[in-house]
Amino acid sequence: MKHALRRLRTVAIALSAGTLGLSLLSVPAAEAHSVQPLAPHSERAPESEQFSAEGVTTVGELRTTTGSLSYAQDGGTQIIRHPGASYVKVHFSSLRLAHGDYVTVSSPDGRESYRYDRYLNRATGADYTTDGQPGFWAMSVEGDTAVVTLHSSRASRSSAATIDRFWRGYDRTEITQHNFTTQSVCSTDARRDVVCYQTSHPNEYARGRAVARLLISGGGMCTTWRVGNTNRMLTNKHCFSTQSAVSGSEMQFNYQCATCGGSNPGAGTKVSGATLYKVSSGGSNQLDYTLYSVNNFANIQSFGTLYLATTATTTGTRNYVPGHGDGNPKRLSIFEDTQNGANCTVKNANYNTWNISYSCDTSGGNSGSPVLNASHRVIALHHLGGCPSNQGAKAHLIYNEIASLIDNG
């Protein structure tokens, strides 16, 4: 980290007999991650508070804990760690900061760092999410450790912040255990990291930059993407459909591997949900869309945008799908079964009133992905799996309903 840590008051978290142990210890910075778990402890939150939504990939577990930052010399830093976690998202039940003081939530190497002051001003600090209860959620930090630091020159022993909960991301094995997945990989899985196509399919690679991973209320995962030239995003209604869920969610752009097959994604750029604009009527087998905006829109404009097709597609049209299946770093589905083999194509452009079908490979977490044609227009919004008929809601029908709310180029 960029900030020198004199003494650490550490919350170290590790699994033990179904309960996580916590330690509040003063240790040198170099020893912070080797602290053995001691009481007091944290526990899995009640089942009613865990994330659950039909058709959405569950990717995390909510834990309750007790922790605080104080102005005392040994109280200015806490480490929230869950060995093996894919991310940590910390909740502050309260901030009691003096003017000019602030708290950061960072990764151990400092590559991710989010700043919060007493005013929670997104213009001068960092993004955050809310859930309708007192306090706020810091943006998630990739990996199994979040370093929470109080920045102040005050000499006092008063309390500055209280941490009462956190989400910890499941690992790959846990995601499989906690999710029932309809078979949507048709024959051989031909998806590859988007960077694998940077040279061979530069246009598909470029359009995929507008696609983001959607962390829903701390514990669920879908895919989302920019639509049109203004601050608008699309995903599935079954991913979220209320203002409170939009406010509680993160959109993570540029979450993709740096090398083909490298399993080395960076944290990318994260923003939070802002305003819910429109939700489709009907069930998840119909148009199934949610249109919304994000905070700090300027931070994601460089990733580009996508445009909806305004007329119906046809059977046999080439298509491709960028997205975050199973919450993984972004992949592209371009070929049916083998690289440089048959291209993905629309199998039935009129599968039913609302949907087209295709056998391009998808999986849980791909919900909300754009389905694009060779002209790189979105022809469908992916939302239903099941080989050989993965389905996407017809984009031109969605356009007809939201045209007045977007600038479609």
Side-chain angles (χ1 to χ4, degrees), residues 55 182 184-186 189-192 194 197 201 203-214 222-228 233-239 280 284-291 304-325 330-336 342-402 406 408-409:
T182 301
S184 303
V185 174
C186 305
D189 192 346
R191 290 175 294 180
R192 300 176 75 196
V194 290
Y197 296 109
H201 294 76
N203 291 321
E204 289 82 350
Y205 171 81
R207 296 312 190 280
R209 284 173 53 79
V211 176
R213 188 168 72 157
L214 173 59
C222 279
T223 297
T224 187
W225 45 281
R226 272 195 65 198
V227 58
M233 302 283 296
L234 270 175
T235 191
N236 288 149
K237 174 184 176 179
H238 79 251
C239 293
S280 60
S284 60
N285 64 332
Q286 297 183 22
L287 292 186
D288 194 17
Y289 68 81
T290 293
L291 180 71
T305 193
L306 299 174
Y307 302 101
L308 295 171
T310 57
T311 58
T313 190
T314 58
T315 298
T317 296
R318 182 197 159 204
N319 68 277
Y320 66 96
V321 183
H324 291 278
K330 193 185 304 171
R331 289 176 289 176
L332 266 170
S333 188
I334 292 179
F335 299 106
E336 291 280 359
N343 287 314
C344 293
T345 57
V346 175
K347 302 303 182 186
N348 189 339
N350 195 32
Y351 185 82
N352 58 33
T353 302
W354 301 282
N355 295 290
I356 69 170
S357 69
Y358 40 87
S359 54
C360 234
D361 295 318
T362 63
S363 56
N366 266 117
S367 288
S369 295
V371 181
L372 296 99
N373 62 18
S375 298
H376 314 295
R377 284 269 175 169
V378 177
I379 57 174
L381 179 64
H382 176 75
H383 65 144
L384 295 172
C387 294
S389 299
N390 291 332
Q391 297 170 49
K394 296 175 181 178
H396 71 287
L397 298 183
I398 295 174
Y399 172 77
N400 290 342
E401 295 194 2
I402 66 172
I406 65 174
N408 200 45

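Remember, predicted model here, so these are calculated numbers, not experimental data. In this chain, numbering begins with 1 at the start of the sequence shown.
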Between K394 (side chain) and N352 (backbone), is there a donor-acceptor pair under 3.5 Å?
yes

Residues W354 and N285: closest non-hydrogen pair is CE3-O, 4.0 Å

Would E204 and R318 pass as an ion pair if we require N to O under 4.0 Å?
yes

Which of parallel (below 30°), tilted (30 to 60°) and perpendicular (above 60°) describes F335 and H201?
perpendicular

Could you grab the distance from atom CZ of R331 to atom OG1 of T362, nearest 0.5 Å is fine?
10.0 Å

CG (L214) and OG1 (T235) are apart, to the nearest 0.5 Å, by 5.0 Å

Mark yes or no for whether R192, through its side chain, and Y197, through its backbone, hold a donor-acceptor pair below 3.5 Å.
no

Tell me every residue that passes side-chain contact (heavy atoms from CB on, under 4.5 Å) with S389, counting only those two or more places apart in sequence or in another chain.
Y351, S357

CG on N373 to SG on C344, rounded to 0.5 Å
13.0 Å

Working for side-chain contact (heavy atoms from CB on, under 4.5 Å), residues S280 and Y289:
CA-CA 5 Å; S280 60; Y289 68 81; 3.4 Å; yes

Sequence neighbours left out, what pairs pass salt bridge (charged side-chain N to carboxylate O under 4.0 Å, His left out) with at least one residue falling in residues 345-362?
E336-K347

Donor-acceptor pair, side chain of W225 and main chain of G368, under 3.5 angstrom
yes

Under 4.5 Å between any side-chain heavy atoms of L308 and L234, yes or no?
yes

Any donor-acceptor N/O pair, R226 side chain to G304 backbone, under 3.5 Å
yes

Is the closest side-chain heavy-atom distance between N319 and C360 below 4.5 Å?
yes

For the CZ atom of R191 and the NZ atom of K330, what is their distance to the nearest 0.5 Å?
14.5 Å

For the residue pair G208 and P322, what are the closest heavy atoms and their distance?
CA-CB, 4.2 Å

Taking all atoms of both residues into account, what is the closest heavy-atom pair of I398 and L287, and its distance?
CD1-O, 4.1 Å

In a single word, yes or no, tell whether C239 and C222 have an SG-SG distance below 2.5 angstrom.
yes

Looking at residues at least two apart in the chain, or sitting in another chain, which of them share a side-chain contact (heavy atoms from CB on, under 4.5 Å) with T223?
V211, H324, S369

Between Y399 and the options N408, T311, V378, V227, the side-chain contact (heavy atoms from CB on, under 4.5 Å) test singles out N408

Rounded to the nearest 0.5 Å, what separates atom CG in N400 from atom OG1 in T310?
8.5 Å

Please give me the minimum heavy-atom distance between Y320 and N203, naming the atom from each residue.
OH-O, 4.4 Å

Can you tell me how far apart CG (N390) and CG (L384) are? Round to the nearest 0.5 Å.
9.0 Å

Identify the heavy atoms of G385 and S184 that sit nearest to each other, and give their distance.
CA-OG, 3.2 Å

Determine yes or no for a side-chain-to-main-chain donor-acceptor pair under 3.5 angstrom, with N236 supplying the side chain and H238 the backbone.
no

Without swapping roles, check the side chain of T305 against the backbone of G228 for a donor-acceptor pair under 3.5 Å.
yes

Walk me through whether N366 and H382 qualify under side chain to side chain donor-acceptor pair (under 3.5 Å).
CA-CA 7 Å; N366 266 117; H382 176 75; 5.7 Å; no

Between N355 and H383, is a side-chain contact (heavy atoms from CB on, under 4.5 Å) present by the stated rule, with each step listed?
CA-CA 9 Å; N355 295 290; H383 65 144; 2.6 Å; yes

